[in-house]
Amino acid sequence: MSVPLALLGLLEREPSHGYDLKRDYDTLFSRGKPLPFGQVYSTLGRLARDGKVIAGQSEPGDGPDRKRYAITSVGREEVEAWLAEPVAAEPYLHTVLFTKTVLALMLGRDAAAYLDAQRATHLRRMRELTEVKRTGNLVDALLADHGLFRLEADLRWIDVTQARLGALAAAVRDR
């Protein structure tokens with residue numbers, strides 16, 4: 001997730017204070033990993049420095065004075081270009097799951113037990129995400145679906161790899 005671009009996108013919707021941007025970001029995108037206030041304001045400072053947002057005059061409030069930020073045409077152009085650019089297709093051909101499996105085989109460890117433990121971890125997470133789908137709003141459900149589909153792909157890979165562990169062990173021992 002590109003925090004600067006997400007904040008720019010939120011600002012394109014409407015000018016906002018840093019506090020409101022953090023709240024909206026956390027509500028829509030963070031899912032258990034809130035954006036620190038310091039990161040919001042340092043990011044807004046860099047975006048202002050680069051001419052992508054402008055900071056309004058300080059406004060009095062219940063707490064410290066606040067600035068309302070607005071996106072500039074340069075910021076809008078960057079958001080437009082970012083939204084038009086497809087995300088790189090995954091998966092990459094380097095994963096921790098694969099690396100640990102190969103190393104377990106190379107080191108004479110029980111790769112099948114590792115894959116079984118990984119399967120159990122994935123299934124536990126799938127149950128959690130299924131509960132999120134059942135109880136959450138549409139945004140939560142769609143994010144949970146994304147996670148579930150990725151976990152399902154990993155589970156299929158685990159099954160195929162376990163069926164080929166003997167051949168994989170022979171292939172990596174020869175290296």
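We're numbering straight along the sequence, starting at 1. Any value given below was found using the heavy atoms of this structure, including those in side chains, with hydrogens, waters and symmetry copies removed.
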| R127-T130 side chain donor-acceptor pair, cut-off 3.5 Å | no

| task | Show your working on salt bridge (Lys or Arg N to Asp or Glu O under 4.0 Å) between D24 and R13 and close with a plain yes or no. | result | CA-CA 11 Å; D24 291 347; R13 183 183 56 171; 2.6 Å; yes

| request: If the plane angle is over 60° it's perpendicular, under 30° parallel, otherwise tilted; pick one for Y25 and F29. | output: perpendicular

| field | With D50 via salt bridge (charged side-chain N to carboxylate O under 4.0 Å, His left out) - residues at least two apart | value | none

| Are any side-chain N or O atoms of S30 and backbone N or O atoms of L35, one a donor and one an acceptor, separated by less than 3.5 Å? | no

| query | If Ile, Leu, Val, Met, Phe, Trp and Tyr residues are connected whenever their side-chain heavy atoms lie under 4.5 Å apart, and connections chain through other members, are V132 and V139 in the same group? | reply | no

| query | Is a side-chain N or O of D140 found less than 3.5 angstrom from the main chain of T135, in a donor-acceptor match? | reply | no

| query | Are L97 and V102 linked, directly or through other ILVMFWY residues, by side chains that come within less than 4.5 angstrom of each other? | reply | yes

| message | Whether the side chain of E12 engages the backbone of V79 through a donor-acceptor N/O pair (distance < 3.5 Å, no angle test) should be reported. | response | no

| query | Cluster question for you: counting only ILVMFWY and a side-chain heavy-atom cut-off of under 4.5 Å, with indirect links fine, are L47 and W82 together? | reply | yes

| said: Under the rule for salt bridge (charged side-chain N to carboxylate O under 4.0 Å, His left out), what residues qualify as partners of R119, not counting sequence neighbours? | reply: D116, D159

| Can you find a heavy atom in the side chain of V3 that is under 4.5 Å from one in the side chain of Q39? | yes

| Taking every non-hydrogen atom, the tightest pair across G56 and K67 | O-CG, 3.6 Å

| Does Y19 use its side chain to pair, donor to acceptor, with the backbone of F37 at less than 3.5 Å? | no

| Mind checking whether L83 and L10 sit in one hydrophobic cluster, side chains of I, L, V, M, F, W, Y counted as touching below 4.5 Å? | yes

| query | Does any N or O in the side chain of S16 come within less than 3.5 Å of the main-chain N or O of E14, such that one atom is a donor and the other an acceptor? | reply | yes

| request: Return the minimal non-hydrogen interatomic distance between V53 and L44, and the atom names on each side. | output: CG2-O, 3.8 Å

| So, D145 and K133, do they make that salt bridge, N to O below 4.0 Å? | yes

| Does a side-chain N-to-carboxylate-O contact under 4.0 Å join D20 and R23? | yes

| message | Testing the basics here: between K52 and L8, what is the closest heavy-atom pair and its distance to 0.1 Å? | response | O-CD2, 3.8 Å

| Hey, is CD on E80 packed in by over 12 heavy atoms from elsewhere, all under 6.0 Å? | no

